S.K.: 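Below is a structure I'd like to ask you about.
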Amino acid sequence: MSLLLVLHSDNERLEAYQQAVTQTTSEVYSTLSNLFSEINKAQHSICSDAELKLMRQYLWTHSELTDIARLQDKQIICSASWGKLASPIPLPVPTKSWQKSGFYHWRNTKDALQGTLDVNMIANNKILMLVAPNAYSSISPEELGTGFIISTNDGYIPNAFGPIDPEDIIKNSQSSFNRLVHQKCGTTGSGVCITVYNSKPGLLGKDHTFLLVICLISLVLSVLIYITLISLNNHRNSMRKALKRALRRKEIYVVFQPKVQLKTGRVVGMEALARWHHHKFGQVPPDVFVNFAEENGLMPTLTRVVIEKAIGLAGDLLRQSSHLSLNLNLSMADLSDPMLLNFIDFQRQNHEFNAEQLIFEITETSASGFEQIEQSVDRFVSRGYRISLDDFGTGYANLSWLSKIKASEIKVDRSFTHMIGSPHSTHSNTLDAIFTLLDDLKVSTVFEGIETQQQADYVLNHCRDALGQGWHYAKPMSIEQLQQFISQGYVSLDNIRPASSVTIRPMV
Ligand SMILES: Nc1nc2c(ncn2[C@@H]2O[C@@H]3COP(=O)(O)O[C@H]4[C@@H](O)[C@H](n5cnc6c(=O)[nH]c(N)nc65)O[C@@H]4COP(=O)(O)O[C@H]3[C@H]2O)c(=O)[nH]1
């Protein structure tokens, strides 16, 4: 990520650098072409005092030049700095000549007058300009490894600066992982191309302080990640220990949520839901500790504790009211637990109620191991227990499950119930499809998560025999509250109505 940001900022900086080189080049080129035409236009006699005066005025006002000279027969005969020469100086061989325009160029050649400095020179048949070596100093790159190249459209390079052979950059002008290259042609008004490059993009080009800062930041981040992972691991470890202890001490407790027949408002059963309160972690949500138990192989114990507690609390009620059922949640691991059925039988026989009053909820979480699940379900059914398909509509293989698993109840996930009243047409289409499917299946259907009267009415209008569960009727509660709820009817508890105009009737 940080590398990408560095590369992005490298690109932006190179773009700005290209603009600066383009601007300086335009200025130098327009100065030179103005001077050529101004001196030509002046029509003074060659090397006269008037011409020398004019050349000096130009020289002093243009810092890009070190001298302006007058030529005759390819020899220098006077210059703004040196005046009339005692004897003419022949011009060196140019690096490049353009026959058509009559211009010559010398790149990095010894100054034709003094022979000391390496300069760039440009001339036509009459005038020679010596370009100051510092003409481009204002755009010398600050970045390590950055340079520029000015090239004409016939491939000649009048000026270049930077650590890499300019020919090499022009030949391979594509950017690569170790070189960023930007090239633009025709933007200076003189037809030349400006190429800028960074031969050390990304972290390669950063100075030691920058790299040190990056290393320190990475180190601090690694340490933070390490500490977070360690503390997460410690948290998991201490949670694992706490859950084990809670299971050993049977501190997991059970609450019950009533299941209501929508058309009569009668309570027909209840679902047992596990709860865990820990002095340090607080009230841990069941989704969390159930998953945690699954991941840590604690599921067989958790399921046994919940079943024992739920039957222990609700057993008498079930014996006295044979029309009531108790829903218990099972995980996939429980289905393949060979001793679980015997444990359930034992708990049930202690309280002497019918096997069919127990409904075991299973959730489709994976399409794998399907045959094994089918066999386990058959074992439960053969002992008289009932099976409920929980969270219907959210699993992997609803229809194939329905055709093979001997489920006597389907619990429609609350996400569907919550679509009721939604203005989206896709939601009402989905609901229509669910109701048609359920109508064909002819099994008992429970709508989970009914929270409003509107939802209760809608379900009842589409499915006369539907059962419902949700906060509209009651939230999960203790067994004492449940008994009171059943005997009084929920109207007196929450002051809410049953579906349509149905009145709730006290049970038992
Ligand atoms: N928003 C909304 N929620 C409603 C409403 N009515 C009921 N609920 C919640 O919906 C969940 C229904 O249980 P579930 O689908 O079996 O889903 C359960 C079940 O899969 C799992 N679970 C709970 N107890 C046990 C257990 O003893 N064993 C196993 N294996 N899983 C359990 O944890 C899940 C969550 O349990 P809870 O948090 O108790 O959440 C419960 C219940 O409190 C409503 O109107 N609106």
Side-chain angles (χ1 to χ4, degrees), residues 243 246-247 250-260 262 267 269-277 282-314 325-337 340 343-344 347 358-365 376 387-395 407 409-421 445-456 458-459 467-478 481-482 485 490 494 496 499:
L243 184 59
L247 288 171
K250 299 196 176 165
E251 286 167 1
I252 303 290
Y253 65 98
V254 174
V255 287
F256 299 88
Q257 188 177 34
K259 194 164 72 174
V260 174
L262 297 189
V267 176
M270 56 264 176
E271 177 179 359
L273 293 159
R275 294 289 180 263
W276 179 30
H277 182 87
Q283 196 71 30
V284 185
D287 289 331
V288 174
F289 71 79
V290 167
N291 277 339
F292 199 76
E294 266 173 357
E295 284 166 18
N296 290 280
L298 300 172
M299 212 53 216
T301 321
L302 175 65
T303 303
R304 280 170 171 75
V305 170
V306 172
I307 291 176
E308 188 183 340
K309 290 214 167 185
I311 294 181
L313 289 167
S325 59
L326 172 65
N327 281 46
L328 291 157
N329 285 282
L330 288 187
S331 74
M332 282 297 148
D334 294 325
L335 282 178
S336 46
D337 177 347
L340 184 63
F343 177 82
I344 296 168
Q347 297 298 327
L358 285 186
I359 306 178
F360 290 96
E361 297 188 10
I362 57 172
T363 310
E364 315 147 63
T365 49
S376 308
I387 294 291
S388 174
L389 274 189
D390 198 10
D391 300 338
F392 178 76
T394 58
E409 180 186 88
I410 288 175
K411 293 188 94 172
V412 180
D413 190 71
R414 64 173 178 264
S415 55
F416 291 101
T417 312
H418 292 175
M419 285 179 190
I420 295 170
T445 307
V446 185
F447 280 82
E448 291 188 305
I450 296 183
E451 291 180 0
T452 64
Q453 184 66 44
Q454 187 198 8
Q455 290 167 347
Y458 187 96
V459 172
L467 307 177
Q469 209 178 310
W471 297 344
H472 177 59
Y473 300 103
K475 289 195 170 178
M477 56 182 80
S478 68
Q481 287 171 318
L482 179 81
F485 180 84
Y490 62 79
D494 293 339
I496 44 177

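Values in this document were obtained by computation on a predicted structure and should not be read as measured data. Every number for a ligand or one of its atoms is a count from 1 in the order of the listing. Computation of the quantities below employed the complete heavy-atom set of this structure, encompassing side-chain atoms and omitting hydrogens, waters and symmetry-equivalent molecules.
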S.K.: Taking 4.0 Å as the limit for heavy-atom contacts, which would you say applies to Q469 with ligand 1: side chain only, backbone only, both, or neither?
M.R.: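 Under 4.0 Å from ligand 1, Q469 contributes no heavy atoms.
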
S.K.: Under 4.5 Å between any side-chain heavy atoms of N329 and L273, yes or no?
M.R.: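 Touching, per the 4.5 Å side-chain cut-off.
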
S.K.: What protein heavy atom sits nearest atom 24 (N) of ligand 1, and how far away is it?
M.R.: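 Ranking protein heavy atoms by distance from atom 24 (N) of ligand 1, first comes A274 N, 3.1 Å.
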
S.K.: Please list, in number order, the atoms of ligand 1 under 4.0 Å from a heavy atom of Q257.
M.R.: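 Under 4.0 Å from Q257, ligand 1 has these atoms: 6 (N), 7 (C).
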
S.K.: Which ligand 1 atoms, with their elements, are less than 4.0 angstrom from a heavy-atom of E361?
M.R.: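 Answer, ordered by atom number: 16 (O).
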
S.K.: Do you see a protein non-hydrogen atom under 4.0 Å from atom 3 (N) of ligand 1?
M.R.: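 For atom 3 (N) of ligand 1 the answer is yes, since some protein heavy atom falls inside 4.0 Å.
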
S.K.: Any side-chain heavy atom of L335 within less than 4.5 Å of one from M332?
M.R.: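 L335 reaches M332 side chain to side chain.
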
S.K.: Below 4.0 Å, non-hydrogen atoms only: which portion of D390 touches ligand 1? Side chain, backbone, both or neither.
M.R.: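 Near ligand 1, D390 shows its side chain, while the N, CA, C and O stay back.
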
S.K.: Is a side-chain N or O of K309 found less than 3.5 angstrom from the main chain of K250, in a donor-acceptor match?
M.R.: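 Yes; judged by distance alone, with no hydrogens or angles, the pair exists.
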
S.K.: I'd like to know whether D390 forms a side-chain contact (heavy atoms from CB on, under 4.5 Å) with I362, so could you lay out the CA-CA distance, the side-chain angles of the two residues, the decisive distance to 0.1 Å, and finally the verdict.
M.R.: CA-CA 6 Å; D390 198 10; I362 57 172; over 6 Å; no

S.K.: Starting from atom 11 (C) of ligand 1, what is the nearest protein heavy atom, named by residue and atom, and what distance separates them?
M.R.: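 I find the closest protein heavy atom is R414 NH1, 3.5 Å.
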
S.K.: In the protein, which heavy atom is nearest to atom 22 (N) of ligand 1, and how far is it?
M.R.: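 Checked against all protein heavy atoms, atom 22 (N) of ligand 1 sits closest to V290 CG2, 4.1 Å.
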
S.K.: Just so I know, are the side chains of L326 and M270 near enough to count as touching, which here means a heavy-atom distance under 4.5 Å?
M.R.: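 Yes, side chains in contact.
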
S.K.: Do L358 and I311 have side-chain heavy atoms sitting under 4.5 Å apart?
M.R.: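 The answer is yes; the side chains approach within 4.5 Å.
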
S.K.: Pull out every atom of ligand 1 sitting under 4.0 Å from any heavy atom of G470, numbered as shown with elements.
M.R.: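 Every atom of ligand 1 under 4.0 Å from some heavy atom of G470: 6 (N), 45 (O).
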
S.K.: Side chain, backbone, both or neither: which part of P476 comes within less than 4.0 Å of ligand 1 when only heavy atoms are counted?
M.R.: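 For P476, the contact with ligand 1 is made by the side chain alone.
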
S.K.: Specify the protein heavy atom at minimum distance from atom 35 (C) of ligand 1: its residue, its atom name, and the distance to 0.1 Å.
M.R.: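 Ranking protein heavy atoms by distance from atom 35 (C) of ligand 1, first comes D287 OD1, 3.2 Å.
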
S.K.: Determine, stepwise, if the pair V446 / E409 fulfils side-chain contact (heavy atoms from CB on, under 4.5 Å).
M.R.: CA-CA 7 Å; V446 185; E409 180 186 88; 3.5 Å; yes

S.K.: Tell me which protein heavy atom sits closest to atom 19 (C) of ligand 1, plus the residue, atom name and distance to 0.1 Å.
M.R.: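 Result for atom 19 (C) of ligand 1: N329 OD1, 3.9 Å.
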
S.K.: Below 4.0 Å from any atom of ligand 1, is there a heavy atom belonging to P285?
M.R.: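 Judged by the 4.0 Å heavy-atom criterion, P285 does not count as contacting ligand 1.
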
S.K.: Can you tell me if Q257 uses its side chain to pair, donor with acceptor, with the backbone of A474 under 3.5 Å?
M.R.: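 Indeed, once roles are kept as given, a pair shorter than 3.5 Å links the two residues.
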
S.K.: If you define the side chain from C-beta out and look only at heavy atoms, does anything of L243 sit under 4.5 Å from L298?
M.R.: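 Yes - at least one pair of side-chain heavy atoms lies under 4.5 Å apart.
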
S.K.: Which residue owns the protein heavy atom closest to atom 42 (C) of ligand 1, what's the atom, and how far is it?
M.R.: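 Answer for atom 42 (C) of ligand 1: L273 CD1, 3.9 Å.
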
S.K.: Considering only heavy atoms, which of E451, R275, E271 lies nearest to atom 1 (N) of ligand 1?
M.R.: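 Among E451, R275, E271, the closest heavy atom to atom 1 (N) of ligand 1 belongs to E451.
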
S.K.: In ligand 1, which numbered atoms sit nearer than 4.0 Å to a non-hydrogen atom of D391?
M.R.: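 Once the distances to D391 are compared, the set is 15 (O).
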
S.K.: Which heavy atom of the protein is the closest neighbour of atom 5 (C) of ligand 1, given with residue, atom name and distance?
M.R.: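 Atom 5 (C) of ligand 1 sits closest to the protein heavy atom W471 NE1, 3.2 Å.
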
S.K.: Test of understanding: given a 4.0 Å heavy-atom threshold, classify the contact between V306 and ligand 1 as side chain, backbone, both, or neither.
M.R.: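 Only the side chain of V306 comes within reach of ligand 1.
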
S.K.: Heavy-atom contacts under 4.0 Å between I450 and ligand 1: side chain, backbone, both, or neither?
M.R.: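 The part of I450 near ligand 1 is the backbone, not the side chain.
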
S.K.: Quick one: does E448's side chain get under 4.5 Å of D391's, heavy atoms only?
M.R.: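 The answer is yes, as the side chains (C-beta and beyond) meet within the 4.5 Å cut-off.
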
S.K.: Of the protein's non-hydrogen atoms, which lies at the shortest distance from atom 38 (O) of ligand 1, and what is that distance?
M.R.: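 For atom 38 (O) of ligand 1, the nearest protein heavy atom is P286 CG, 3.2 Å.
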
S.K.: Hey, are the side chains of D337 and F343 touching, using non-hydrogen atoms and a 4.5 Å cut-off?
M.R.: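 No. Closest side-chain heavy atoms not under 4.5 Å.
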
S.K.: Report the part of K475 (side chain from C-beta onward, or backbone N, CA, C, O) that has a heavy atom under 4.0 Å from ligand 1; answer both or neither where that applies.
M.R.: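 For K475, there is no contact with ligand 1 at all, from either part.
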
S.K.: Passes side-chain contact (heavy atoms from CB on, under 4.5 Å), Y473 versus V267? Steps please.
M.R.: CA-CA 10 Å; Y473 300 103; V267 176; over 6 Å; no

S.K.: At a non-hydrogen distance cut-off of under 4.0 Å, which region of M299 contacts ligand 1 (side chain, backbone, both, or neither)?
M.R.: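 Under 4.0 Å from ligand 1, M299 contributes side-chain atoms alone.
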
S.K.: Determine whether I344 and F360 make a side-chain contact, defined as any pair of heavy atoms from C-beta on separated by less than 4.5 Å.
M.R.: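 Heavy-atom side-chain distance check passes, below 4.5 Å.
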
S.K.: Hey, mind stepping through L313 and L482 against side-chain contact (heavy atoms from CB on, under 4.5 Å) and telling me if it holds?
M.R.: CA-CA 11 Å; L313 289 167; L482 179 81; over 6 Å; no

S.K.: Using distance alone, decide if ligand 1 has a nitrogen or oxygen within less than 3.5 Å of any nitrogen or oxygen in E448.
M.R.: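 The answer is yes, given that E448 and ligand 1 share an N or O pair closer than 3.5 Å.
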
